[in-house]
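As structure tokens, the structure follows; a few thoughts come after it.
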Amino acid sequence: MATNRSAQVELDKEIARLANDLLQLKRRRNALSPISQLPTEVLSRILYQVLDPTKPQKRTPDFIPLCHVSATWRATVLSTPEIWTTLRLARVLRSKMAILMWKNSCEFITDLEYEGPGGDICDKDTSPCFPWILKCAMPKLRRVALYGSARQLGGLIPRMSGSYEALQELKIVHEGPRWGNLTKKLAIQRVPNLRRLELIGAGIERWSFQQLQPTALTHLVLGNLKCGPEEHMFNVLDFIAEAPQLSTLHVMFRTTEEDWEDHAYPTRNQSIALPSLKSFELGCGNITLLNLYMKTLSIPEPTALSRIKIECYGAIAPKHTEDLLSSWRNMHASTGDLVSPQQLTITEGDILDIWREPTTPAIGASMKSTSSSCSKDSQITPWVSCEGFPLLGLVRGTDLTTRQMWSLDNLVVLDNHSRFTSCAEWGLFSSLPNIQAIHLFCSGLSGHWNRMRYPSCSTFLQALRGELGRDGRSDDTDEVAGKLRRLQDNPFPALCAIVFAAAANLLDDKTELSQEFIMSLQTWNANRAIRDGKPGFKLPIFELRMDTTLYGKFEEQLQEYRASFSSVAPNGVASISSCCRN
């Protein structure tokens, strides 16, 4: 037995020696590869590019696999300061790994991110080492971003106490159950160089911000705030007043709870001037609170802004409408017509999106719906966006004398997805001199009952025939006088393209909308031909769009109406599309 044991020991020694020899041979082989010939400075830059900080953090940090490639790579990763300037404490990161990362980054750290665990474990406490790391790192940090539940953030926020000269960006986002409140208040005393501040979560409106002394603040986002007592609401306004250099201001309240839905807030004694503002968003469900902000804030006119969004959750009671519109008009410093867009999108719920310049071609069969393609595909955001405000109230008063908020004289593209566009709105659109393209959504038109409930397209055809005046009223004169008026004042004088989305409803046998459209366009073509002195003039572009799954069902109707459509729009047949989804 003793002889066998000694033999095993000798074999183990031989295996260890051979393993060491194999390791040395692998290192010599790796040293001959082209990438191993790179200077250390070049290799460190390559590895730094591999570690993309924008990717979601995994259980094992990205630098671990790189360290396992070779001793050279491991030494390069551990000795490259840029790799350790950002410390990411992920939701699944173990404490031992976090301590190892902190030891390597403590000398170089400038950014720290924490993302707490979500799902079923979102209400668990943070790892004990995370608050300690945050406290140690705060004096050196330029950027801090914390994401987590109220309980997780409650263990981190108190660690940020004191004055921090280096801090420039701070972001705290409350995730997890919506009923949780951030009861732990920010304990930072002074951050004179803070440029960007984003605080999103219920309970933040209770915090005291004045000790931050945010004189250098240029970007402020406050989200998911709760409507509550006046002292909390004025606390937020007082903080905004301490940051006169703001270029971005977004304040969004969560859906108002019943206890505060109709609460009346008093007016603030002093207004708040924000002359450097470029992007402004405001959303609230309490009408008087929304009105309070618009009366208190004095912002530049829209021509100096890159983004405006005013959102009123739910319908506005008639008694509040004019007060809100007046507050929005008076919120701007200028006294003339402020907004002169070239593209307007109207969707359900009085949501209006406006662009300075058309984001899609005004003429041509390639025109697409701006409300879907711009925001999702190309990430284009509207210049002005509002929800809950009636269009005519912003453009003009019913008596045509109220000072305008917008001027639509330069409007080129009208993208209308609303089923409830009124006669007055279509009457206004028909009088605009520069509209070249109209995009209509025909959903809900099948059957007589739906046409009565959603009359937008039928009202458009009335306007196309010249039967609506600028105020939306029908022509009350006799037939001859009506025709003379339409010849003299042609509706949609610059129109070149009409696009019907969800066009299956236009072709449905249960409606007569197709015949009505052809007749209306014949009338418009004749009026335009007489006005321009071009006999035989026809609308240049007409396009139907429908879901590809419905094309086979309505192929017979398309063939039936093809000749009729060609008689009023010669390019319409080529523009009929079965490959475009809406």
Side-chain angles (χ1 to χ4, degrees), residues 47-48 51-67 74 77-119 121-176 180 182-191 193-194 196-201 207 212:
L47 298 181
Y48 174 69
L51 300 174
D52 185 359
T54 62
K55 294 181 180 179
Q57 182 67 283
K58 304 175 183 177
R59 187 177 186 87
T60 301
D62 293 339
F63 70 87
I64 295 297
L66 299 180
C67 292
R74 180 166 58 253
V77 168
L78 296 178
S79 62
T80 302
E82 291 85 354
I83 294 178
W84 302 103
T85 56
T86 299
L87 180 59
R88 304 179 69 190
L89 304 178
R91 60 180 61 191
V92 291
L93 191 64
R94 294 178 178 177
S95 297
K96 290 183 178 180
M97 182 59 67
I99 295 296
L100 175 63
M101 294 168 61
W102 166 246
K103 289 181 178 179
N104 285 280
S105 62
C106 60
E107 296 183 11
F108 314 107
I109 188 170
T110 59
D111 297 5
L112 185 144
E113 298 179 6
Y114 168 79
E115 188 173 0
I121 59 174
C122 65
D123 207 34
K124 286 190 175 182
D125 291 326
T126 59
S127 172
C129 71
F130 290 172
W132 175 78
I133 292 176
L134 178 62
K135 182 178 180 180
C136 296
M138 278 303 297
K140 297 182 179 181
L141 293 177
R142 292 202 298 261
R143 175 180 172 271
V144 177
L146 308 177
Y147 305 83
S149 66
R151 187 168 182 175
Q152 295 156 5
L153 295 177
L156 296 171
I157 292 175
R159 300 291 182 171
M160 296 186 293
S161 60
S163 300
Y164 303 109
E165 300 284 341
L167 191 61
Q168 298 180 8
E169 298 183 22
L170 175 61
K171 183 174 184 178
I172 301 176
V173 179
H174 172 209
E175 297 177 335
L182 294 177
T183 56
K184 300 293 185 180
K185 298 183 179 180
L186 200 63
I188 294 178
Q189 297 300 319
R190 184 174 177 271
V191 278
N193 296 314
L194 189 66
R196 297 174 62 91
L197 178 62
E198 298 185 19
L199 303 174
I200 301 174
W207 292 6
L212 296 179

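The structure displayed is predicted, hence computed values, not measured ones.
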Of all the heavy-atom pairs spanning [X] and [Y], show the shortest one and how long it is.
{"X": "L167", "Y": "M138", "result": "CD2-CE, 4.3 Å"}
{"X": "N104", "Y": "L78", "result": "OD1-CD2, 3.7 Å"}
{"X": "Y114", "Y": "L156", "result": "CD2-CD1, 3.3 Å"}
{"X": "G148", "Y": "L153", "result": "O-CD1, 3.5 Å"}

Starting at [atom1] of [X], measure out to [atom2] of [Y] and round the result to the nearest 0.5 Å.
{"X": "L194", "Y": "E169", "atom1": "CG", "atom2": "CD", "value": "8.5 Å"}
{"X": "R88", "Y": "D111", "atom1": "CZ", "atom2": "CG", "value": "11.0 Å"}
{"X": "F130", "Y": "I99", "atom1": "CZ", "atom2": "CD1", "value": "9.0 Å"}

Test your reading of the model: is there a side-chain donor-acceptor pair from [X] to the backbone of [Y], 3.5 Å cut-off?
{"X": "N193", "Y": "A166", "result": "no"}
{"X": "W84", "Y": "V77", "result": "yes"}
{"X": "K171", "Y": "Y147", "result": "no"}

Kindly determine whether I172 and M160 satisfy side-chain contact (heavy atoms from CB on, under 4.5 Å), including the steps that lead there. CA-CA 12 Å; I172 301 176; M160 296 186 293; 4.0 Å; yes
Side-chain heavy-atom pair L141, Y164 within 4.5 angstrom cut-off: no
How about W102 and L89: do any of their side-chain heavy atoms sit closer than 4.5 Å? no
So, using side-chain hydrogen bond (donor to acceptor under 3.5 Å, both in side chains) as the criterion, who are the partners of R143 when residues are at least two apart? E113
Matching residue for R142 among T85, T110, I109 - test: side chain to side chain contact (heavy atoms under 4.5 Å, CB included): T110
Evaluation steps, side-chain contact (heavy atoms from CB on, under 4.5 Å), between L87 and I133: CA-CA 10 Å; L87 180 59; I133 292 176; 3.7 Å; yes
Holding to salt bridge (Lys or Arg N to Asp or Glu O under 4.0 Å), I want the full list of residues that pass it with K135, two or more places apart in sequence or in another chain. none
By salt bridge (Lys or Arg N to Asp or Glu O under 4.0 Å) - contacts of E107 (at least two apart): none
Side-chain ion pair, E198 and R196, N-O less than 4.0 Å: yes
